[in-house]
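Structure, as structure tokens:
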Amino acid sequence: MIDQDLAARKQFFSEHLLNWYRTYKRDLPWRRNKDAYRIWVSEVMLQQTRVDTVIPYWHRFLEKFPTVQALAEAPEEEVLKLWEGLGYYSRARNLQAAVQEVHERYGGTVPDNKEDISSLKGVGPYTAGAVLSIAYNKPEPAVDGNVMRVLSRYFCIEDDIAKPATRPKMEKLAQELIPDGAAGDFNQGLMELGALVCTPRSPQCLTCPVMAHCAARLNGKEAELPVKTKAKPPRPEQRLVALIEGQGEHAGKLLIRQRPQEGLLARMWELPHVLMPAAAPAASGRKAASAKAAAMVAPDAAAAGEHREWLRNALAEAEHIHVLPNEWYMNTDHVFSHIHWKLDVYRCKLDAALDNGVALPELLPYHYRWLAADELHQYAFPNVFIRIMDTYFK
DNA sequence: AAGGCGGGGCC
DNA sequence: GGCCCAGCCTT
């Protein structure tokens, strides 16, 4: 394509996308004003998370922490609790740390320049560009997955968008397209088009404001673009969960623990569980009754016996929690991007004959506590454990 | 460059 | 029930 055609194609895109956005944009709560803090919170929540999921979280979060100062001074457990179920919990911890820095170093005003805002925890190229353009109308690109998909189609770019090296190229292009004085609306329009029209599968080209000059469409390649290598499948982990039921003064309660400070689901609460080493092929465990019904099939007797023994030994050795596992209760799955937990849950009692104290020293990796049904709201749990405990408490 | 880090929606 | 959606961090 000669330069003049490319320039015209860019000009057409910028103009028509901006007009389309201003006519059809959704009425989202964080679009009601230009408060940089409110927009920042929305952008962090929207990382890897859909708009419909984010809206109720955003309302609860802003109601509880309406200002930079309120979030800066909040206890971390409260922040984590309001993030419960959204996933990627480091986003919440990074956001609070960053807001504390804004409170202390910038007097509560979110920085309006690339260098300062990019130095904040959890603020990468996308979030920096989004806040600068949407809140301050600065001509900075905000390239997320939607934008890469839209640009790769409209300009028929065949670079693999899963490769980090593709990003700078897309950012340069996105910046060149920003119309004078309209960075915020244009950047939001790019993402809005990706979310509503130029969707990952079955793009709605006939309603697209820039279809007339879309290179992928003109070449019949809108379904093949963007090029994106697939992620590796998550590695499976068989885990055994102890549903430890209190007795005596703890009757009706379950034993829960808080995860370590760092790593997966850091500082979240959960039911105690242990990793079961990959079973030998001979004792693989579960009746292969039609794969479809596998959702709730008990392990066979031999596998359940191995499970109970492993659960008892592992909890005793690693945690000094001595349990007597009883009957299998349920199974469920929890899939992360990189791990696939297959959980078998066993009802357990503490072994009265052995050390069954649960006021354990801080030296242990986990911190244990008894939980009553009406105390569930006080702790932040990953959804998978909420499901199990809801089932148990009815 | 590659891997760690959650959870939900669509077909 | 298997497919997809992905920014920022650390290593």
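Keep in mind it's a predicted model, so treat the numbers as computed, not measured. Proteins come first, then strands; the chains are lettered A, B, ... in the order of their sequence lines, and each starts at number 1.
- One atom, CG of A/L95, and another, P of C/dC8, lie 13 Å apart when rounded to the nearest Å.
- For A/E77 and A/K81, the salt-bridge test fails: no basic side-chain N is under 4.0 Å from an acidic carboxylate O.
- Residue A/L265 is in sugar-phosphate contact alone, with no base atom involved, counting any heavy-atom pair closer than 4.0 Å across all strands shown.
- The phosphate of B/dG7 (OP1 or OP2) has a side-chain N or O of A/H334 nearer than 4.0 angstrom.
- In this structure, A/V335 reaches the bases: a heavy-atom distance under 4.0 Å links it to at least one base atom across the strands shown.
- Distance from the side chain of A/Q47 is smallest to C/dC8 among B/dG9, B/dG7, C/dC8.
- No hydrogens or angles were tested; on distance alone, a donor-acceptor pair under 3.5 Å links the side chain of A/S337 to the base of B/dG6.
- Taking the nucleotide of DNA chain B with the nearest heavy atom to each of A/R50 and A/G263, the more 5' of the two is matched to A/G263.
- For the pair A/Y89 OH and B/dC5 P, the interatomic distance rounds to 14 Å; values are reported in whole Å.
- The CG-P distance, from A/N331 to C/dG1, rounds to 12 Å in whole Å.
- Comparing B/dG6, B/dG9, B/dG7 against the side chain of A/T49 picks out B/dG6 as the nearest.
- C/dG2 and B/dG6 have their P atoms separated by 23 Å, with the value rounded to a whole Å.
- For the pair A/R60 and A/Y57, the cation-pi test (distance below 6.0 Å, angle within 45°) is passed.
- Comparing C/dC4 with B/dC5, their P atoms sit 23 Å apart, to the nearest whole Å.
- Both A/S118 and A/R149 sit near DNA chain C, but only A/R149 has its closest nucleotide nearer the 5' end.
- Atom OH of A/Y88 is separated from atom P of C/dC9 by 14 Å (rounded to the nearest Å).
- OP1 or OP2 of C/dC8 has not a single side-chain nitrogen or oxygen of A/S90 nearer than 4.0 Å.
- Nucleotides B/dC11 and C/dA6 have their P atoms positioned 15 Å apart, rounded to a whole Å.
- If you check distances only, the side chain of A/Q48 never reaches the base of B/dG6 with a donor-acceptor pair under 3.5 Å.
- Non-hydrogen atoms lying under 4.0 Å from DNA chain C are contributed by A/K228, A/K230, all within residues 220-231 of chain A.
- Applying the salt bridge (Lys or Arg N to Asp or Glu O under 4.0 Å) rule to A/R50 yields no partners; only residues at least two apart in sequence or on another chain are considered.
- Here the closest non-hydrogen pair linking A/Y37 and A/V99 is CE1-CG2, 4.2 Å.
- The environment of NZ in A/K64 is sparse: at most 12 heavy-atom neighbours from other residues, nucleotides or ligands sit within 6.0 Å.
- The CG atom of A/L86 sits 9 Å away from the P atom of B/dG8 (whole-angstrom rounding).
- Contact of the A/W40 side chain with the A/T127 side chain is registered, since non-hydrogen atoms from C-beta on lie closer than 4.5 Å.
- Atom CZ in A/R267 sits roughly 17 Å away from atom C1' in B/dG6 (whole-Å rounding).
- For A/F13 and A/H213, the distance between ring centers is not under 6.0 angstrom.
- A heavy-atom distance below 4.5 Å is not found between the side chains of A/E327 and A/Y346.
- A close approach under 4.0 Å does occur between a side-chain nitrogen or oxygen of A/K232 and OP1 or OP2 of B/dG3.
- Remark: A/H338 is in phosphate contact with B/dC5, judged by side-chain N or O atoms under 4.0 Å from OP1 or OP2.
- Comparing C/dC8 with B/dG9, their P atoms are spaced 23 Å from each other, to the whole Å.
- Each of A/R167 and A/R201 has a nearest nucleotide on DNA chain C; the 5'-most of these lies closest to A/R201.
- Note: CD (A/E84) to C1' (B/dG6) measures 13 Å, nearest angstrom.
- Checking A/D52 against A/P164, the closest nucleotide of DNA chain B that is more toward the 5' end is the one next to A/P164.
- Nearest to the side-chain atoms of A/R235 among the listed nucleotides B/dG8, B/dG4, C/dC8 stands B/dG4.
- Residue A/N383 places at least one side-chain N or O under 4.0 Å from the OP1 or OP2 atom of B/dG8.
- Using a 4.0 Å heavy-atom cutoff across all strands shown, A/Y126 reaches sugar-phosphate atoms only and no base atom.
- Residue A/D144 places its side chain closer to C/dG7 than to any other of C/dA6, B/dG3, C/dG7.
- Less than 6.0 angstrom separates the ring centroid of A/F336 from the ring centroid of A/W341.
- Between A/F385 atom CZ and B/dG7 atom C1' the separation is 14 Å, expressed in whole Å.
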